[in-house]
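Below is one structure; the comments refer to it alone.
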Protein chains: 2
Amino acid sequence: MRPTGVGIGEVARRTGLSVHTLRLYERVGIFAGPVQRDAAGRRVYSEWDIAWLGNCVLFRASGMPLAALAELARLVSEGPGNEADRLDLLRAHRQRVREQMTQLTDCLMLIDAKVAGYEKHLAAGAGGDPWQPNRP
Amino acid sequence: MRPTGVGIGEVARRTGLSVHTLRLYERVGIFAGPVQRDAAGRRVYSEWDIAWLGNCVLFRASGMPLAALAELARLVSEGPGNEADRLDLLRAHRQRVREQMTQLTDCLMLIDAKVAGYEKHLAAGAGGDPWQPNRP
DNA sequence: CTAGGAGCTCGACCGAGGTCTAGGTCAAAT
DNA sequence: ATTTGACCTAGACCTCGGTCGAGCTCCTAG
């Protein structure tokens, strides 16, 4: 773990985000505290920044809006004293994630049923349409 | 099961969508075949339409874009003969849903870890910040 | 007869989240 | 010395999925 700083291109490659998106994220305040710059003004991301970003990517993928991420970043950057608020944010998001998971599960069951229907249908060669049992 | 037709307001109430959204969905072709109208030009949804819409809502909630839904609707409305195509669409979406679920699972684990950290932190009263163990 | 409520169409508008462009700086390689 | 490539900012632009409003047509109840 050398105390390296990493350029934006490298971070983009590592996280799968575009450099544009990284700059956008910074503008909307997703980093906890300002990203460091080198002498020429180029961004230098710390390993901590990158780890945080990794969490952000997960949170985003689970539907957390940028604004919420920014709020969390603000809380963290303010340092100790607001842990309860962070906890609230996390718990609220956890709730939403759980709801999503049950929806995804439902959807998966539906798809599985339809897929099974079509597979049987195709294997058996024709027959009525499995999706529209009784349409004009 | 009377052969009722249902008005748009009632459908909105049943599905949780707004009437605006229902009309939008129709415009982008989400229904398999045109929605019936009464003498005055008002939409009359069949029970089949409503059931289909229910599936659409689930698919949407699982991230299927309207365009894909419209494509599926087109296939279904064309009647038998393209079952393989529908199957492709469904399998592709199933794949995406599965990926989402693993991401949600990952995210949930992360959140649980953070939440546990903060809970312990708060219960124990202060100590270092669980999220930024070593920040300047 | 008339007022209210539910629908209709068409088209404008909106917020979220990116994506891209123009025009410029810098540093290392040729 | 110049070219190349990575980076910078500011701001325009785009897609997606809704949401809303204006102005109209009905139907039904008072």
Side-chain angles (χ1 to χ4, degrees), chain A residues 4-31 34-46 49-50 53-73 89 92-93 96 100 103 107, chain B residues 4-31 34-46 49-50 53-73 93 96 100 103 107:
Chain A
T4 327
V6 180
I8 196 173
E10 175 66 14
V11 174
R13 238 166 298 122
R14 284 206 213 170
T15 59
L17 301 170
S18 73
V19 297
H20 302 288
T21 300
L22 285 173
R23 295 195 274 243
L24 168 67
Y25 279 11
E26 182 175 343
R27 269 212 310 284
V28 300
I30 261 187
F31 290 95
V35 174
Q36 300 304 318
R37 303 297 183 112
D38 69 9
R42 297 196 222 92
R43 290 167 179 81
V44 177
Y45 296 84
S46 69
D49 289 330
I50 298 176
L53 202 45
N55 293 342
C56 288
V57 167
L58 254 190
F59 285 148
R60 284 287 307 124
S62 60
M64 182 180 281
L66 292 185
L69 236 18
E71 171 69 4
L72 185 56
L89 236 163
H93 186 58
R96 265 170 283 124
Q100 278 185 76
Q103 282 191 319
C107 183
Chain B
T4 328
V6 180
I8 196 173
E10 175 66 15
V11 174
R13 238 167 298 122
R14 284 205 214 171
T15 58
L17 301 170
S18 74
V19 298
H20 302 288
T21 300
L22 285 173
R23 294 195 275 243
L24 168 68
Y25 279 11
E26 183 174 342
R27 269 212 310 285
V28 302
I30 261 187
F31 290 95
V35 174
Q36 299 304 318
R37 304 298 183 110
D38 69 7
R42 297 196 220 90
R43 288 166 180 84
V44 178
Y45 296 85
S46 68
D49 289 331
I50 298 176
L53 202 45
N55 293 342
C56 288
V57 167
L58 254 190
F59 285 147
R60 284 288 305 123
S62 61
M64 182 180 282
L66 292 185
L69 235 19
E71 171 70 4
L72 185 56
H93 186 58
R96 265 170 282 124
Q100 276 185 76
Q103 282 190 320
C107 183

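Everything numeric in this text was worked out from a predicted model, so none of it was measured. The sequence lines fix the lettering, A, B, ..., with proteins before strands; numbering per chain opens at 1.
Residue A:Thr21 has no polar side-chain atom (N or O) positioned under 4.0 Å from OP1 or OP2 of C:dG17. An OP1 or OP2 oxygen of D:dG18 is reached within less than 4.0 angstrom by a side-chain nitrogen or oxygen of B:Tyr25.
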Generate the contact string for nucleotides 2-11 of chain C. Rules: B means base contact, S means sugar-phosphate contact only, - means no protein heavy atom under 4.0 Å. -----SSB--
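Atom pair B:Arg60:CZ and D:dG18:C1' shows a separation of 10 Å (rounding to whole Å applied). Taking atom CG on A:Leu24 and atom P on D:dC13, their separation rounds to 18 Å, with Å as the unit. We find that CG of A:Leu22 is positioned 12 Å from C1' of C:dG18, with the value rounded to whole Å. One interatomic measurement links the two molecules: CD of A:Glu26 to P of C:dG17, which rounds to 17 Å at whole-angstrom precision. B:His20 has its NE2 atom 14 Å from the C1' atom of D:dG17, to the nearest Å.
The CD atom of A:Glu10 sits 7.5 Å away from atom CD1 of A:Ile50, with the distance rounded to the nearest 0.5 Å. How far CZ of A:Arg60 is from OH of A:Tyr25: 5.0 Å, rounded to the nearest 0.5 Å.
No side-chain donor-acceptor contact under 3.5 Å links B:Gln36 to the backbone of B:Ser46.
If you check C:dT19, C:dG18, D:dG17 against the side chain of B:Leu66, the one that comes closest is D:dG17.
Scanning all heavy atoms of the two residues, the minimum distance from A:Val44 to A:Arg37 falls at CG2-C, 4.1 Å. Heavy atoms only, all atoms of each residue included: B:Val6 and B:Arg14 are closest at CG2-NH2, 3.6 Å.
In this structure, B:Phe59 and B:His93 have perpendicular ring planes: the angle between them is above 60°, well past the 30° mark.
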